[in-house]
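To start, the structure itself, in structure tokens.
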Amino acid sequence: MSEENQTLAQRREKAASLAELGVNLYSNGFKPANTTRELLPKGDSLAPQEAEPGGAGYSIAGRIMAMRKFGKAAFCTLADTGGQLQIYVKKDILGDEVFETFKKWDIGDIVGVEGTLFKTKVGELSLQAHRITMISKSLRPLPDKWHGLTDVETRYRQRYVDLIVTPETRETFRKRVDIIRLVREYLIGKDFMEVETPMMQPIPGGATAKPFKTYHNALDMELYLRIAPELYLKRLLVGGFERVFEINRNFRNEGLSTRHNPEFTMLEFYQAYATYEDMITLTEKMISSICHTVNGTMKITYQGTEVDLTPPWTTLTMDEALVEIAGIDREILVDDEKLMALVKAKGIQLEEQAGPGKAKTELFELLVEDKLINPTFITSYPTEVSPLARKNDLDPSVTDRFELFITGRELANGFSELNDPIDQLARFEKQIAERGEDDEIHPELDADYIRALEYGMPSAAGEGIGIDRLVMLLTDAPSIRDVILFPHLKPEAKLQQEREE
RNA sequence: GGGUCGUUAACUCAGCCGGUAGAGUAUCUGACUUUUAAUCAGAGAGUCGCGCGUUCGAAUCGCGCACGACCCA
């Protein structure tokens, strides 16, 4: 690779000259005994210019984030995973020879330092270097220490650089990890067991979405990356695992946006002998408690909008939401002709076979969704748009289903499960018969799933929660790409050119 | 897929009505043994995203393309 760049050439030369001095640029033996996080509190009891009594030796390793060099001494800011500590390097302590090698250190290098603690004149705890070790010589300059990295494209493509220089990015992904761990702990605490079901499926089911297709050579068959784990998790209910959950990736071959990444992380959980109301209670408790743990409060701000996650949350049926929030006359909702006329008046295009349930759902999406800022459960979804949910015992035109909306966005979807194999088969067949014009969405009959139901699935309720969207909410992230370490982007033209050369 | 905006040094950004590219950080050289956006003096660094066109002359104007951001479908 021919890099014409001057800065890079200089760094390479510097690295070469360090190697000539006998320094191993990529040494492998240094094991820090301490961390910055653990050393920092030791400064609390020291006065400026005071050394730690006893002069104990410590060692830390990390990346040099800043350097202030004087002729025969220097201060370096060294960052490790938990924080930063200042290093003070003095020629008369290291000796002439070692100090010569120190002079060739750069911002970005990863080094190990052994020494003693003291406080400087201005009161900053510092590690006085007695021995120094080069662990990894950096050949590329870090972004501007003051402005950091603001170009979003570079931040997404070179997340490693973003993580080095942007504390907020590190914070967001730490929180993401915490949130997922807390979800796990919460469900395990409720006797759920975590399972893994196929991501490569012969029939992509459990949702309506365009799948990715792939091919298995040895089996000579097409497979799909899953769009949802739902049908497999419910097979486990049949098998007698009464509480199961899975947190993992789903894949949907659709457009990208600030809310959609082709692969995204989904939590799905199923509980036997529970109803959708139990899921509502669980969701409310789980999300609010996780928010409190992660943010220290249940009152958060999302992109400038205040959101209160303190339970209890509001619950409305879809009809109630259409009346109370969209201001639609109750009479219209029970009169199919008037309903269809309203839909047309609102400019919504419905497919021919669409019935009143689909019409209401479209109206809801258009008129209600973005007004649901504080957490709101919408229940009584039309059966027409809920092929896997159990019909309501009193009104079979709706299902025992809910969706959760926060900041105008769908965050969760759950329902009492349909466990009648005959009803399920009929609904699958209807779904296939009424498939839309889109060739890429092709519902297929999952005969094995029906067979499983025929053995008997306990009554149950289940739910899916979009983990990326939950993390966005709890970290105040404007785009899903801000909560996915390596979001999907088109390849860089420049890099590809270089590869071809 | 459509619209708007963006792409200039490694990073952050200027660059007006077209006249041959500029700052800060970073880097290099020199001074400096308690600094913290260290300081002082000097220096180097650019296919101005890519291509075509208009023009005596294009970072600047026009068209196309690539990549990205946001909005819409």
Side-chain angles (χ1 to χ4, degrees), chain A residues 2-15 17 43 46-51 64-79 84-96 99 102-109 115-129 137-158 160-162 164-166 254-260 303 347-349 362 365-366 370 408 438 440 477-482 487-498 501:
Chain A
S2 65
E3 288 277 5
E4 300 297 326
N5 184 284
Q6 182 199 236
T7 312
L8 296 185
Q10 276 172 345
R11 285 241 172 166
R12 278 165 209 279
E13 278 168 33
K14 203 190 241 187
S17 66
L46 296 181
Q49 285 187 287
E50 187 187 350
I64 299 173
M65 301 306 292
M67 277 206 278
R68 295 170 288 280
K69 286 186 180 176
F70 300 81
K72 299 182 179 67
F75 292 94
C76 308
T77 306
L78 186 136
Q84 297 193 332
L85 185 70
Q86 179 166 271
I87 306 300
Y88 183 49
V89 175
K90 250 167 100 171
K91 187 176 185 178
D92 54 15
I93 289 183
L94 289 185
D96 292 357
F99 196 77
F102 166 75
K103 280 194 192 163
K104 300 199 182 290
W105 280 16
D106 284 305
I107 292 173
D109 292 351
T116 53
L117 285 174
F118 76 106
K119 244 184 191 175
T120 63
K121 247 191 234 174
V122 284
E124 178 161 351
L125 183 72
S126 308
L127 189 69
Q128 169 102 258
K137 187 78 187 124
S138 167
L139 300 178
R140 285 182 183 265
L142 288 180
D144 189 300
K145 65 181 169 193
W146 194 242
H147 299 96
L149 191 60
T150 62
D151 180 63
V152 289
E153 187 176 348
T154 311
R155 291 181 47 200
Y156 295 155
R157 284 193 198 282
Q158 295 180 253
Y160 41 91
V161 180
D162 187 29
I164 292 170
V165 301
T166 318
E254 295 169 359
L256 317 194
S257 79
T258 44
R259 270 153 290 168
H260 301 86
Q303 299 298 296
I348 296 169
Q349 301 261 325
E362 292 284 337
E365 282 174 16
L366 182 70
D370 60 359
D438 198 330
E440 291 172 72
S479 168
I480 196 169
R481 296 180 199 105
D482 295 318
H488 193 77
L489 298 177
K490 289 195 184 181
E492 278 174 277
K494 271 186 198 167
L495 270 188
Q496 229 168 22
Q497 228 170 29
E498 277 172 26
E501 280 165 15

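Because the structure is predicted, anything quoted here is derived from the model rather than measured. Every chain is numbered from 1 and lettered A, B, ... according to where its sequence line falls, protein lines coming before strand lines.
To the nearest 0.5 Å, atoms OG1 (Thr77(A)) and CE (Met65(A)) are separated by 8.5 Å. Once rounded to the nearest 0.5 Å, the distance linking CD1 of Ile87(A) with CZ of Phe102(A) reads 10.0 Å.
The same atom, P, is picked in U39(B) and in A26(B); the two are 8 Å apart, to the nearest Å. Distance noted for atom P between A23(B) and G42(B): 13 Å (whole Å). Comparing the same atom, C1', in A21(B) and in A9(B) gives a spacing of 10 Å after rounding to whole Å. Of the C1' atoms belonging to G22(B) and A45(B), the separation is 13 Å, rounded to the nearest Å.
Within 4.0 Å of Phe118(A), counting heavy atoms only, lies at least one base atom of the nucleic acid. Using a 4.0 Å heavy-atom criterion, one finds that Ser479(A) contacts the sugar-phosphate atoms exclusively.
When the side-chain nitrogen and oxygen atoms of Ser257(A) are compared with OP1 and OP2 of A73(B), none of them lie within a distance under 4.0 Å. Between A38(B) and Arg68(A), a contact under 4.0 Å exists linking OP1 or OP2 to a side-chain N or O. Note on Arg140(A): every side-chain N or O is 4.0 Å or more away from OP1 and OP2 of C11(B).
Below 30°, between 30° and 60°, or above 60°: for Phe75(A) and Phe70(A) the angle between ring planes is above 60°, a perpendicular geometry.
The base of U12(B) is not paired with the side chain of Thr150(A) by any donor and acceptor separated by under 3.5 Å.
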Fill in the dot-bracket string of RNA chain B, one character per base: . for unpaired, | for a pair to another strand, ( ) or [ ] for pairs within the strand, taking Watson-Crick or G-U pairs under 3.5 Å.
-> (((((((..((((.....[..)))).(((((.......))))).....(((((..]....)))))))))))).
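Summarising the geometry, the separation between CZ on Phe70(A) and P on G30(B) is reported as 17 Å, rounded to the nearest angstrom. If you measure from atom CG of Leu489(A) to atom P of U7(B), you get 19 Å, rounded to the nearest angstrom.
A distance-only check finds a donor-acceptor pair linking the side chain of Lys119(A) to the backbone of Leu46(A) [under 3.5 Å].
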Taking only nitrogen or oxygen atoms into account, show me every contact under 3.5 Å that the protein makes with nucleotides 24-28 of chain B, one pair per line with its distance.
from, atom 1, to, atom 2, distance (Å)
G24(B), N2, Asp144(A), OD2, 2.6
A26(B), OP1, Lys145(A), NZ, 2.6
U27(B), O2', Gln10(A), OE1, 2.1
C28(B), OP1, Lys14(A), NZ, 2.2
C28(B), O4', Gln10(A), NE2, 3.4

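Base orientation for C61(B): anti, the chi torsion being more than 90° from 0.
Side-chain proximity of Lys490(A) to the nucleotides C32(B), A69(B), C67(B) is greatest for C67(B).
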